[in-house]
Engineer: 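If you scroll down you'll find the structure; I have some questions about it.
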2 protein chains.
Amino acid sequence: MKLQQLRYIAEVVKHNLNVSSTAENLYTSQPGISKQVRMLEDELGIQIFGRSGKHLTHVTPAGQQVIDIANDILSKVESIKKVSEEYTKPNQGELNIATTDTQARYALPQIIREFIKRYPKVNLHMHQGTPSQISEQAARGDADFAIATEGMHLYTDLIMLPCYHWNRSIVVTRDHPLAKITKPSIEDLAQYPLVTYVFGFDKASEIEKSFKRANLDPRVVFSATSADVLKTYVRLGLGVGVIASMAIDANIDKDLVAIDASHLFAHSTTKIGFRRGSFLRGYMYDFMLHFAPHLSRDVVEKAVALRDQQLIDEMFASMTLPIR
Amino acid sequence: MKLQQLRYIAEVVKHNLNVSSTAENLYTSQPGISKQVRMLEDELGIQIFGRSGKHLTHVTPAGQQVIDIANDILSKVESIKKVSEEYTKPNQGELNIATTDTQARYALPQIIREFIKRYPKVNLHMHQGTPSQISEQAARGDADFAIATEGMHLYTDLIMLPCYHWNRSIVVTRDHPLAKITKPSIEDLAQYPLVTYVFGFDKASEIEKSFKRANLDPRVVFSATSADVLKTYVRLGLGVGVIASMAIDANIDKDLVAIDASHLFAHSTTKIGFRRGSFLRGYMYDFMLHFAPHLSRDVVEKAVALRDQQLIDEMFASMTLPIR
DNA sequence: GGAATTTACGCAACTCGTAAGCATT
DNA sequence: AATGCTTACGAGTTGCGTAAATTCC
């Protein structure tokens, strides 16, 4: 068994069992991969991939187990490399952050600006996507961190640490009736069509909950993943925006009126997640500390040692998190 | 980075940094290992081993981290092999059990006899040692299971599942004064010199606790790790034996009187431990089930999924375990 | 001086790439 | 017919063993 063979089968799976495109992606030849895959199968005495003739059609049950472990191994191989780089070039390396549009646009810029100043030799890559894409990237090891508010809890391979709470605001044009109400009720809001985040994407659930509690049925006429897009459609008069408060810029959004809605909707919590068992570089700890000041190295290491997500949640339940 | 290189550094550490003996043990040449070790160090750009001239003297901090991860990787490589063997030869393989003398002698024989009958093609190996040796063997992957009563809690790499409770008996010769008392008190017992298990070895702690609680100071004149040895010295009149009840055989020990001491000492719990993250063969689940009937595959898998030892302990706290 | 590691060298094995053959969609 | 996997073969590399040199205790 060779590490390359494990790399090959893992990559083949990631390329939907297409060996040719896998080879292209790895800058190697297709026959080379084919051969190594079959050699591994021969050595283990099992089929990892099901075949119809010469085509790979599916992953066998045994194969799936092997691939899961192989990914674990490959991730640990990366950890070894990171360990050595931590000693050879402590302030140099990669930082891959997978996050949602809102975080990338409003929560992260200041942090990242400081981070780049502090670690000019660390190459920073931002990956945007839906919460589930983000979580998977982190769980697969394609990203060091996943930063999102929802949808990460499904991945047991991720350790998630709460970073900050945030509330929503109601956003309307200056001439909208709601603009004159300083503290609108949920019933007030229910009278108007809504413009808010895509359900299941970021945080629609908290909004739905509040309406359900009041036995109301919100009418979402437009949803998107990006606060900027939402604001644009609020400006077009499509409806009333319900948007993360941090996404409102007093300078840029002068033409809009933002009304705090923390009395209507429970706060949400943005979390940072990383792969269980992955080695964290010094600058990664530092990044977390600057993103969420309560996440000191000690705290993070303690949380990791707890292993169980529920215990981690309990650990932070007693801590007061910043509110943005 | 090659798997062999990781294997080599791990083995060199296990052989106290003696490359020659490592080579001998791996049936390969000493220069081969030396070279691969240095090639890995060159690739990573760090020293794994500290050297004084040509001799390896110690493991560097960076090296220790690398070695820890390497052991993880190697253990997962073994898991892949086990997975494939589970499909190719489901009733064939190895079972390495590390345990204490008492377990091997009194608790396991019946289980193992049945197991061998059930799985004639599984090669069974028993490793005896102190609880800490046992735990380390399991944590290192040298043994599939560690079975012991104490000393395993220190190894966070081990998942431990409680198997059964057991009590102690007072063992004396027929002519001893205590032989006539059916339910001796702790004060009765304190009048005589004791013969019991080595402290820190198996379970002396519970005995000490009971005496301390009564403000008494037990006088242990002889201690050993094996119940058979203890009985021998009881026969010599050295003192009163305090021995696991299961270690008393009504047939063999006719010349001795055994008095149940469950009212004097709290019961102890024997646990079975295995390495976190290791793949368990079907027959391993079966072994656990027969050793401790409450440890069905479902229960074990649920416990493993909990990850945290404390949560596992809580899970079993509500279950009633067998008493032996 | 003895034990242990490094260096040097040569053989065998292996990985990988190209090109041709063949099955599947 | 096109796409994609397998077989075949050759070149370059690498892993490993033996023997000699070197260093440490």
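Order of the sequence lines sets the chain letters (A, B, ...), proteins ahead of strands, with each chain counted from 1.
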Engineer: Quick one: A/Glu41 CD to D/dT6 P, roughly how many Å, whole number?
Structural biologist: 9 Å

Engineer: Specify the separation, in whole Å, of atom CE of B/Met39 and atom P of C/dT6.
Structural biologist: 14 Å

Engineer: Tell me which residues in residues 26-33 of chain B put a heavy atom below 4.0 Å from DNA chain C, sorted by number, or none.
Structural biologist: B/Gln30, B/Pro31

Engineer: Whether A/Arg38 contacts D/dT7 is assessed here as follows: a side-chain N or O lying under 4.0 Å from the phosphate OP1 or OP2. Is that the case?
Structural biologist: yes

Engineer: Which of the following nucleotides, C/dT7, D/dC16, C/dA4, is nearest to the side chain of B/Tyr8?
Structural biologist: D/dC16

Engineer: Before accepting this row, confirm whether a basic side-chain N of the pair A/Asp72/A/Arg275 lies closer than 4.0 Å to the acidic partner's carboxylate O.
Structural biologist: yes

Engineer: Between the side chains of A/Glu78 and A/Lys81, is the shortest nitrogen-to-carboxylate-oxygen separation below 4.0 Å, so that they form an ion pair?
Structural biologist: yes

Engineer: I want to check something: taking the side chain as every heavy atom from C-beta on, are A/Met1 and A/Leu44 in contact at a cut-off of under 4.5 Å?
Structural biologist: yes

Engineer: Can you tell me how far C1' of D/dG4 sits from NE2 of A/His55, to the nearest Å?
Structural biologist: 5 Å

Engineer: Report the distance from atom CD of B/Glu24 to atom C1' of D/dC16, rounded to the nearest whole Å.
Structural biologist: 17 Å

Engineer: Flag the pair B/Glu301 and B/Arg297 as a salt bridge only when some basic side-chain nitrogen lies within less than 4.0 angstrom of an acidic carboxylate oxygen.
Structural biologist: yes

Engineer: D/dT6, D/dG15, C/dT15: which one has an atom nearest the side-chain heavy atoms of B/Gln36?
Structural biologist: D/dG15

Engineer: Can you sort out which residues in residues 47-54 of chain A have a heavy atom within less than 4.0 Å of DNA chain D? Ascending by number, please.
Structural biologist: A/Arg51, A/Lys54

Engineer: Take B/Lys82 and B/Asp144 through the test side-chain contact (heavy atoms from CB on, under 4.5 Å) and record every step on the way to the result.
Structural biologist: CA-CA 12 Å; B/Lys82 284 190 203 164; B/Asp144 300 302; 3.5 Å; yes

Engineer: Distance only, no hydrogens: is a donor on one side chain within 3.5 Å (strictly under) of an acceptor on the other, for B/Gln65 and A/Tyr87?
Structural biologist: yes

Engineer: Mind checking whether B/Phe145 and B/Phe274 have parallel, tilted or perpendicular rings, split at 30° and 60°?
Structural biologist: perpendicular

Engineer: Measure CG/A/Leu56 against C1'/D/dT3 and give the value in whole Å, please.
Structural biologist: 14 Å

Engineer: Are B/Lys2 and D/dG15 close enough that a side-chain N or O sits under 4.0 Å from OP1 or OP2?
Structural biologist: yes

Engineer: Taking the side chain of B/Ser20 as its heavy atoms from C-beta onward, which of C/dT24, C/dT5, C/dT7 lies nearest to it?
Structural biologist: C/dT5

Engineer: Quick one: do the B/Gln309 and B/His153 side chains pair a donor with an acceptor below 3.5 Å?
Structural biologist: no

Engineer: Between B/Phe115 and B/Tyr119 (judged by ring centroids, cut-off 6.0 Å), do the two rings come close enough to count as a pair?
Structural biologist: yes

Engineer: B/Leu3 CG to C/dT15 P: how many Å, rounded?
Structural biologist: 12 Å

Engineer: Measure CD/B/Glu43 against P/D/dT14 and give the value in whole Å, please.
Structural biologist: 11 Å

Engineer: Between P on C/dC9 and NZ on B/Lys35, what's the gap in Å once rounded to a whole number?
Structural biologist: 12 Å

